[in-house]
Amino acid sequence: MSDDTKQTTSGIDVKPVYTEADAANVSAELPGQFPFTRGVQPDMYRGKLWTMRQYAGFSTAEESNKRYHYLLSQGVSGLSVAFDLPTQIGYDSDHPLAEGEVGKVGVAIDSIEDMQVLFNGIRLEEVSTSMTINATGYILLALYTALARQQGADLKKISGTIQNDILKEYAARGTYIYPPKPSMRIITDIFEWCSKEVPKWNTISISGYHIREAGSTAVQEIAFTLSNGKAYVKAALEKGLDINVFGKRLSFFFNAHNNLFEEVAKFRAARRMWATMMKELGATDPKAMMLRFHTQTGGSTLTAQQPLNNISRVTIQTLAAVMGGTQSLHTNGYDEALSLPTEEAARIALRTQQIAAYESGVADTADPLAGSYFIESLTNEVEAAAWQLIQKIDAMGGSVAAIEEGFIQNEIARSAYEYQRNIESGEQIIVGVNKFHADETNHIPILKVDDSIRVVQAEKLARLRAGRNQATCNSLLTQLSNKATTGENIMPVVLEAVEAKCTLGEIADTLRKIFGEYR
């Protein structure tokens, strides 16, 4: 790249100036109208602000519950649960493979008793909850539903999202358990069950976030994510589900990085592309064609050097998400390159959203950057580049085949390598890392999770197993095994199993025996 050439992170050339000719083919589309480039609601945030979430969960259910009550007192409008690695990959806290990981990157949830403590004092009918969980998403959804039933909630009113996006785990993140085909079957079981039992629940959050965190470009993020979305829709159609019903409960999860205009263009392009895709797949209800998404600011953009600079980065990313039309937003704490966020860092992150909402004016009008020659041109270019990638994946037979062939993983790895090379050469400036250094002594407080939590969780598990009806548990796990084998929907028996105090690890292991593990 020569000195006078500027490019976005996706390698799209940026001209010194844009004119009317660059946006000549822009339609007179309005927000709330197909293909929803300008937003899914006619008045966007004038009608309702985005949901302000703070992703939180660490240590035990007791500790995380305290953080949730604190965040609710500070004005969050939705909870977002982070789970520890053993919970994510289907091991109870007392399993040998859980050692050293219990409660570290999220909260440890082994049973219905942990779930009761996690949401103690919080009415599930009155709060929207997002749970970042994939391979064991079916178990966590059952636990949440069981708790709602214990609280006497109307299941038709409980709302929230499970991430439940296993394809990106194979491509970018790694917290899978079962091979792709049985994993896809579990996901369609969830779609089917939720449409009848918990109709307001978002059954999947198709995630570009982790694809971007693994090193993809903005264009790759939406191309691979929408391609995965297409694979889930096709799997649901093959199961005989109605696209106009399940299509309304699909949601997406995107990343917001520092290139403000490319990020806004990415969100606009993604909405337009998904609406087109769903229409081609047979959707006729406009609500089933709407791309609704949660955004999280870019974890991989945060630096351990001069960490207070991260507040500025998160502010730019917040503006990108809001001007791009997000439905829900989590803002990262400035200290997250060092540790889990402290209470102070989480509060500043939330205040960043609140300042954007109430002081900046960006929420006053729908799609405020529409009509900008640059934004409209960039939206078109991002879309065209993303369609090219999707066509390559379609030619391979879709996302599952492209992942099995390693195509998506290799594309992400190549982009991550290029980006790192640009940082090391100084072509990509990271303030405080490869330019504008400062002699600094780091006085940022660190939140540390103690290894003794595993002992606490193991003791809880021992008490749970001693006090439950073991014959009932054994019978239900056998029923689960049978349903997994015959192809019946597993969700009703999983719900019964968690209510009978079967543990997360026991349920996950039952399916391991039937489906095997992905290597």
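Small disclaimer: the values here were computed from a predicted structure and weren't measured.
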Aromatic ring pairing Y518/Y170, orientation class (parallel under 30°, perpendicular over 60°, tilted between): perpendicular
Contacts of H69 that satisfy side chain to side chain contact (heavy atoms under 4.5 Å, CB included) - sequence neighbours left out: N65, I122
Main-chain N/O of T379 paired with E381 side-chain donor or acceptor, under 3.5 Å: no
Nearest atoms (heavy-atom pairs only) where A223 meets A386: CB-O, 3.7 Å
Mutual orientation of the aromatic rings belonging to H210 and F253 [parallel < 30°, tilted 30-60°, perpendicular > 60°]: perpendicular
Flag side-chain contact, heavy atom, 4.5 Å: L504 against I109: no
Side chain to side chain contact (heavy atoms under 4.5 Å, CB included) against S80, all qualifying residues, sequence neighbours excluded: R53, Y55, S130
Spacing of OG1 belonging to T51 relative to CD belonging to Q327, to within rounding of 0.5 Å: 8.5 Å
Distance under 6.0 Å and angle within 45° of ring axis: K279 vs F34: yes
With D43 via salt bridge (charged side-chain N to carboxylate O under 4.0 Å, His left out) - residues at least two apart: none
Verdict with supporting geometry, Y18 and Y373, ring pair (Phe, Tyr, Trp, His ring centres under 6.0 Å): CA-CA 6 Å; Y18 286 75; Y373 303 143; 8.6 Å; no
Contact check, side chains of I311 and L308, non-hydrogen atoms, under 4.5 Å: yes
Inter-residue atom distance S227.OG - D394.CG, 0.5 Å rounding: 5.5 Å
Aromatic plane relationship, F119 with Y68 - under 30° parallel, 30 to 60° tilted, over 60° perpendicular: parallel
Residue among F252, F36, F254 satisfying ring-ring contact (aromatic ring centres under 6.0 Å, His included) with F293: F254
Neighbour count >12 (heavy atoms, 6.0 Å) for atom CZ, F374: yes
Exercise: do Y91 and E99 side chains pair donor with acceptor under 3.5 Å: no
Gap between atom OG1 of T203 and atom OH of Y232 - 0.5 Å precision: 11.0 Å
Partner of T295 by side chain to side chain contact (heavy atoms under 4.5 Å, CB included), out of T326, V322, T331, N255: T326
Trace of the salt bridge (charged side-chain N to carboxylate O under 4.0 Å, His left out) decision for E383 with R268: CA-CA 9 Å; E383 180 182 12; R268 298 174 90 246; over 6 Å; no
Under-4.0 Å salt bridge between R212 and E221: yes
Positive for side chain to side chain contact (heavy atoms under 4.5 Å, CB included) with M52, one of L329, T352, L350, L71: L350
Donor + acceptor pair across side chains of Q457, D114 (<3.5 Å): yes
Any pair counted as salt bridge (Lys or Arg N to Asp or Glu O under 4.0 Å), so long as it reaches residues 62-85, sequence neighbours left out: E62-K460, E63-K66
Those residues that, when tested against K104, pass side chain to side chain contact (heavy atoms under 4.5 Å, CB included) (two or more places apart): E101, V449, D451
Pairwise distance CG(N134) to CG(N164) - rounded to 0.5 angstrom: 7.0 Å
Non-hydrogen side-chain atoms of V40 and R271 separated by less than 4.5 Å: yes
Results of side chain to side chain contact (heavy atoms under 4.5 Å, CB included) for S415 - residues two or more places apart only: T217, Q220
Lys/Arg-Asp/Glu bridge criterion (N-O < 4.0 Å) met for E424, R421: no
Expected output: side-chain S251 to main-chain N202 donor-acceptor under 3.5 Å: no
